2 protein chains.
Amino acid sequence: MTDSVVLDAVDLHILRLLQNDARTTYRELAAEVGVAPSTCLDRVARLRRTGVVLGHRLRLDPAKLGRGLEALLLVQVRPHRRELIGPFVDRIRALPESRALFHLTGPDDYLVHVAVADPADLQRLVLDEFTSCREVARVETRLIFQQWECGPLLPPSASPSLSAD
Amino acid sequence: MTDSVVLDAVDLHILRLLQNDARTTYRELAAEVGVAPSTCLDRVARLRRTGVVLGHRLRLDPAKLGRGLEALLLVQVRPHRRELIGPFVDRIRALPESRALFHLTGPDDYLVHVAVADPADLQRLVLDEFTSCREVARVETRLIFQQWECGPLLPPSASPSLSAD
DNA sequence: TGTGAAAGAAATTTGGA
DNA sequence: TCCAAATTTCTTTCACA
């Protein structure tokens with residue numbers, strides 16, 4: 001967080017292309033952006049070094065892996081104290097059914113995104129891993145009908161450069 | 001959805017490694033899994049063809065892009081009818097602040113994961129894009145303190161093979 | 001299918017502006 | 001920083017088990 005990077009139009013163009021397809025080659029990036037491949041390499045390396053780019057992730061179809069039912073669980077943890085929520089977070093993160101976990105403001109302390117095989121599997125998960133735990137005061141289950149990933153993550157304004165610490 | 005793939009131990013091993021680092025080379029996969037690089041290529045190509053692998057995605061740090069504040073918005077759309085929710089979904093997906101959108105069961109019809117610059121930006125987003133819309137009956141804003149991605153997505157059981165349609 | 005070797009392509013490194 | 005060329009490394013193909 002101590003060093004500051006400035007993202008110029010070239011960086012943003014590269015990021016947009018890579019968010020579309022993270023396997024775009026440096027040659028293709030170079031041709032598209034209008035710089036040399038080695039320059040693209042430099043830029044991407046810098047974006048990694050400065051922490052803008054955290055890594056590459058494989059996108060999988062949960063349904064094809066036998067996890068066709070997804071849900072969001074709103075969880076109230078009581079008492080909401082460090083010595084309880086630390087282990088709670090660790091336990092939930094380690095569940096094979098967990099896809100993501102959020103610590104939130106509001107009446108529900110946590111939101112857990114889970115992927116399971118079927119309703120019976122979800123019932124087992126909720127009963128065995130949530131409602132049966134002393135620290136879990138309440139669980140609300142919301143099934144996911146459909147979900148969408150949204151557009152690429154880019155700087156807020158249309159300004160040509162941005163300072164990011 | 002008509003063809004069926006069977007994931008054996010080699011496929012699962014490859015998927016686990018790629019979920020850990022999507023840029024692992026076929027050489028490295030081969031060395032790790034104990035097959036030839038060309039076999040890894042075949043396996044991954046088949047996983048792509050059958051839709052198990054959907055693509056590669058760049059993971060970015062929203063904070064480094066000037067979007068350090070994230071929130072989940074619980075939205076009630078009334079009346080909850082196709083002719084309203086179609087355009088609503090399209091509009092929300094197109095917002096640069098939107099990261100993900102879920103259509104849910106329960107009292108809230110949609111959950112929107114957004115990334116904004118600061119509280120003022122969030123206020124603007126909620127007022128201008130949500131509460132000011134006739135079809136939006138209610139919006140509840142939950143700030144995200146912290147979030148975690150969970151372990152790799154894998155088949156439910158420890159069974160050596162799995163049929164995925 | 002899976003393999004190893006060869007051909008092709010891409011990623012890195014280097015050095016000069 | 002950027003680029004172009006050289007080098008190294010990976011990907012892809014293909015004939016064969």
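Being a predicted model, the structure only gives us computed values, none of them experimental. Order of the sequence lines fixes the chain letters, A, B, ..., with proteins taken first and strands second; residue numbering starts at 1 for each chain.
- Other residues, nucleotides and ligands contribute only 12 or fewer heavy atoms inside 6.0 Å of the CD atom of A/Q123.
- Between B/D8 atom CG and C/dT1 atom C1' there is a gap of 11 Å when expressed in whole angstrom units.
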Kindly determine whether A/L122 and A/L143 satisfy side chain to side chain contact (heavy atoms under 4.5 Å, CB included), including the steps that lead there. CA-CA 10 Å; A/L122 182 59; A/L143 300 185; 3.5 Å; yes
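- Between the axis at the start and the axis at the end of the helix from C/dT1-D/dA17 to C/dA17-D/dT1 there is an angle of 30°, using five pairs per end and rounding to 10 degrees.
- Residue B/L18 contributes atom CG, which lies 15 Å from atom P of D/dC10 at whole-angstrom precision.
- Residues that satisfy the side-chain hydrogen bond (donor to acceptor under 3.5 Å, both in side chains) test with B/E140, not counting sequence neighbours, are B/R138, B/R142.
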Give the C-alpha distance, both sets of side-chain angles, the deciding distance and a yes or no for side chain to side chain contact (heavy atoms under 4.5 Å, CB included) between A/I14 and A/V44. CA-CA 8 Å; A/I14 289 174; A/V44 174; 3.9 Å; yes
With the sugar-phosphate defined as primed atoms, P, OP1 and OP2, and the base as all remaining atoms, what B/S/- string results for nucleotides 3-17 of chain C, 5' to 3', for protein heavy atoms under 4.0 Å? BB-----SSBB----
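- Ring geometry, A/H103 versus B/F145: the interplanar angle exceeds 60°, so the pair is classed perpendicular (tilted spans 30 to 60°).
- Look at A/D121 and A/R124 and you find a salt bridge, because one of the NZ, NE, NH1 or NH2 atoms lies within 4.0 Å of a carboxylate O, short of that distance.
- Separating the CG atom of A/L29 from the P atom of D/dC3 is a distance of 13 Å, rounded to the nearest angstrom.
- Salt-bridge formation is detected for the pair A/D11/A/R46: a Lys NZ or Arg NE/NH1/NH2 atom is positioned less than 4.0 Å from an Asp or Glu carboxylate oxygen.
- Minimum heavy-atom separation, B/A117 to A/P156: CB-CG, 4.4 Å.
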